K.L.:
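Next up is a structure, given as structure tokens.
Remember, it's a predicted structure, so these values are computed and weren't measured experimentally.
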Amino acid sequence: MRSRILITGIPSHYTRLVRSAKGATVNYGEQQLQPESKEAFLRELSNISNTGNYLIGEGALRAMPAGATQIPFWHLHNSCTNGTGLDEINANFDICVFTCANLLRKGLSADAEALVLKNLNMPIVMLGIGIQNRADLESGLPEGTQELLDVLKGKEHYFLTRGHETAEFLKSRGFSFVRPTGCPSVYFLPDNMRAALKRLPDVKVGSGRTVFSGYLGATEEAVRDVNMLSKPESESFYVVQDEFLHFDMKVEPNKDGRVYNSTSGEMIGDMAYKHSDQLQRKLKLHTFFDTNQWRAWTSSMDFSIGRRFHGNIIALQSGVPGLMVAVDDRMREMLNFTGLPAIEASALEAANDRAEFVSDHLADLNVPQVVEKYNDRETNFRTALRDIGLN
């Protein structure tokens, strides 16, 4: 008999359609939200914090059997804190897949996660758990995160990590079923991923339509990338993930009271961000709350490059060649494990001619080897799920 699978944690974009939840039942509305005013747009962005996270939840959901049920984490947490409890949840499910990201980090105390998982009477699969910075592990994790690990020691648990470093850390804490598998988003639409990887050596850097991702407004290097990796006559785009929340990016309504076109995903308000005065190219900014819309739009691009992991993953999912610019340990762990093509931010920034540097890197790629490693990692991911009984 097939296990009844509960999925929670980081959600897919379908959580935007949830109108209510009670017990083990989630009610969805049929109307997609259209957050075009400034207030509605920022509220929608705050609900997910980073739109790239939607790819994590989506990848987890699509990796499960069709009968798996996704229940919002906020509902489980509310049930634990308002006295309702999780009796109905425990009665209706056999195993919980908890979708994670960089959960092991200094700046996050996982108190809410510890509370919910403590009250779930079933095995727990921590899918996609990873680190933020190596130093966080050396200096000690927050109390809530320590409690979460203690809770998991008292249950049947499985850790599918973002890479080897997280796996070694968890093994050192005495956990046994620990397997590095990478982020589940990497294995969504694998045929498109392979096709995109094979197209990388054919990219004409600076020509065509290039989409950038990564910390616009936080660092002037993001602006320099646009200036140096595009030509004046080419079309350049940037996809926002969380810049309005964390990097002082501002937007004010246009004359119609709108900041966002929900049909095209384009930011249409008056934009302001640090270092924008240094921009030498036309740059259109977009935001997407629906991953299907995001992929459809991205499929019209010729190349994707940037400092955001999921900003480039969605390009690869769309069949568009993408190159990562590695900026931190979190990203390096995922890239080292999957073998997806990447360059170090410091190397890119030191190059006198960034377009030539990227072109040379793409030309030197051993694409068959890259694809072979991706195939191996995909097999490894699906084997781990099968060994747990999740597919």
Side-chain angles (χ1 to χ4, degrees), residues 50 52 102 105 131-136 163 165 197 200-201 203-232 234-244 246-249 271-286 301-316 320-366 370:
N50 183 331
N102 48 328
R105 66 182 192 267
I131 65 171
Q132 178 69 36
N133 297 296
R134 295 186 187 96
D136 292 351
E165 288 161 293
L197 293 171
L200 277 166
V203 169
K204 306 300 181 187
V205 178
S207 303
R209 293 160 61 87
T210 302
V211 56
F212 294 87
S213 62
Y215 308 112
L216 191 67
T219 170
E220 60 184 333
E221 295 300 337
V223 171
R224 289 177 179 172
D225 284 348
V226 176
N227 290 340
M228 299 176 71
L229 294 172
S230 8
K231 297 176 181 178
S234 64
E235 292 185 281
S236 298
F237 304 84
Y238 184 93
V239 176
V240 172
Q241 292 184 206
D242 64 358
E243 286 81 349
F244 289 104
H246 302 299
F247 303 129
D248 202 32
M249 183 177 281
M271 301 291 302
Y273 49 90
K274 291 178 182 177
H275 312 297
S276 59
D277 59 319
Q278 300 176 30
L279 194 62
Q280 300 167 7
R281 302 286 187 266
K282 291 182 179 179
L283 185 66
K284 292 183 178 180
L285 272 64
H286 285 66
M301 298 293 130
D302 297 300
F303 182 46
S304 170
I305 185 169
R307 294 162 165 79
R308 292 281 193 176
F309 185 81
H310 289 105
N312 287 288
I313 287 294
I314 202 159
L316 295 169
V320 173
L323 181 66
M324 310 277 188
V325 180
V327 296
D328 56 25
D329 293 339
R330 167 192 60 89
M331 200 170 181
R332 292 184 189 99
E333 180 180 37
M334 293 187 285
L335 290 170
N336 290 339
F337 180 77
T338 59
L340 293 174
I343 51 178
E344 275 292 329
S346 58
L348 177 65
E349 292 159 12
N352 291 325
D353 186 328
R354 295 190 188 188
E356 182 180 19
F357 176 81
V358 171
S359 295
D360 290 346
H361 181 83
L362 295 177
D364 290 341
L365 282 176
N366 185 334
V370 170

K.L.:
Any non-hydrogen side-chain atom of Ile305 less than 4.5 Å from a side-chain atom of Asp225?
P.N.:
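Side chain of Ile305 against side chain of Asp225, heavy atoms only: no contact under 4.5 Å found.
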K.L.:
Answer whether the closest heavy-atom distance between the side chains of Val223 and Leu283 falls below 4.5 Å.
P.N.:
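No; the side chains remain at least 4.5 Å from each other.
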K.L.:
Where do Glu333 and Arg134 land on the salt bridge (charged side-chain N to carboxylate O under 4.0 Å, His left out) test, with the steps shown first?
P.N.:
CA-CA 10 Å; Glu333 180 180 37; Arg134 295 186 187 96; over 6 Å; no
K.L.:
Indicate yes or no: at least one non-hydrogen side-chain atom of Met334 is less than 4.5 angstrom from one of Asn102.
P.N.:
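No. Closest side-chain heavy atoms not under 4.5 Å.
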K.L.:
Might you work through the salt bridge (charged side-chain N to carboxylate O under 4.0 Å, His left out) test for Glu243 and Arg307, ending with a clear yes or no?
P.N.:
CA-CA 13 Å; Glu243 286 81 349; Arg307 294 162 165 79; over 6 Å; no
K.L.:
Test of understanding: with side-chain contact (heavy atoms from CB on, under 4.5 Å), list the residues that count as partners of Asp302, not counting sequence neighbours.
P.N.:
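Asp302: side-chain contact (heavy atoms from CB on, under 4.5 Å) contacts with Arg209.
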K.L.:
Aromatic ring centroids of Tyr273 and Phe247 under 6.0 Å?
P.N.:
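Ring centroids of Tyr273 and Phe247 are no less than 6.0 Å from each other.
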K.L.:
Quick test of your reading of the model: are Arg105 and Asp329 salt-bridged, counting only N-O distances below 4.0 Å?
P.N.:
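No.
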K.L.:
Between CE of Met324 and OG of Ser213, what distance do you get to the nearest 0.5 Å?
P.N.:
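With rounding to 0.5 Å, CE (Met324) is 8.5 Å from OG (Ser213).
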K.L.:
Within the structure provided, determine whether Asn50 and His310 are in side-chain contact (heavy-atom separation under 4.5 Å).
P.N.:
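No. Closest side-chain heavy atoms not under 4.5 Å.
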K.L.:
Going through the distances and angles, do Leu216 and Leu285 end up as a side-chain contact (heavy atoms from CB on, under 4.5 Å)?
P.N.:
CA-CA 10 Å; Leu216 191 67; Leu285 272 64; 4.1 Å; yes
K.L.:
So how far is it from Met301 CE to Phe212 CZ, rounded to the nearest 0.5 Å?
P.N.:
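Met301 atom CE to Phe212 atom CZ measures 11.0 Å (nearest 0.5 Å).
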K.L.:
Go through Tyr238 and Val211 one step at a time and tell me if the side-chain contact (heavy atoms from CB on, under 4.5 Å) criterion holds.
P.N.:
CA-CA 5 Å; Tyr238 184 93; Val211 56; over 6 Å; no
K.L.:
Going by salt bridge (charged side-chain N to carboxylate O under 4.0 Å, His left out), name the residues that satisfy it together with Asp328, two or more places apart in sequence or in a different chain.
P.N.:
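Here the qualifying residues are Arg330.
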K.L.:
Would you say that Lys231 contacts Lys204 through its side chain, given a criterion of any heavy-atom pair below 4.5 Å between the two side chains?
P.N.:
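With C-beta onward as the side chain, the pair stays apart.
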K.L.:
Can Leu197 and Leu365 be said to form a side-chain contact (heavy atoms from CB on, under 4.5 Å), step by step?
P.N.:
CA-CA 10 Å; Leu197 293 171; Leu365 282 176; over 6 Å; no
K.L.:
To the nearest 0.5 angstrom, please state how far the CD atom of Glu220 sits from the CG atom of Asn227.
P.N.:
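With rounding to 0.5 Å, CD (Glu220) is 10.5 Å from CG (Asn227).
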K.L.:
Looking just at side-chain N and O atoms, do Thr210 and Ser230 make a donor-acceptor pair shorter than 3.5 Å?
P.N.:
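No, because no side-chain N or O of Thr210 sits under 3.5 Å from a partner of the opposite role on Ser230.
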K.L.:
Could you give the distance from CG (Asn312) to CG (Leu335), rounded to the nearest 0.5 Å?
P.N.:
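Atom-to-atom, Asn312:CG and Leu335:CG are 9.0 Å apart.
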K.L.:
For atom CG of Asp353, is the number of surrounding heavy atoms from other residues, nucleotides or ligands below 6.0 Å larger than 12?
P.N.:
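Yes - once you tally the heavy atoms of other residues, nucleotides and ligands closer than 6.0 Å, there are more than 12.
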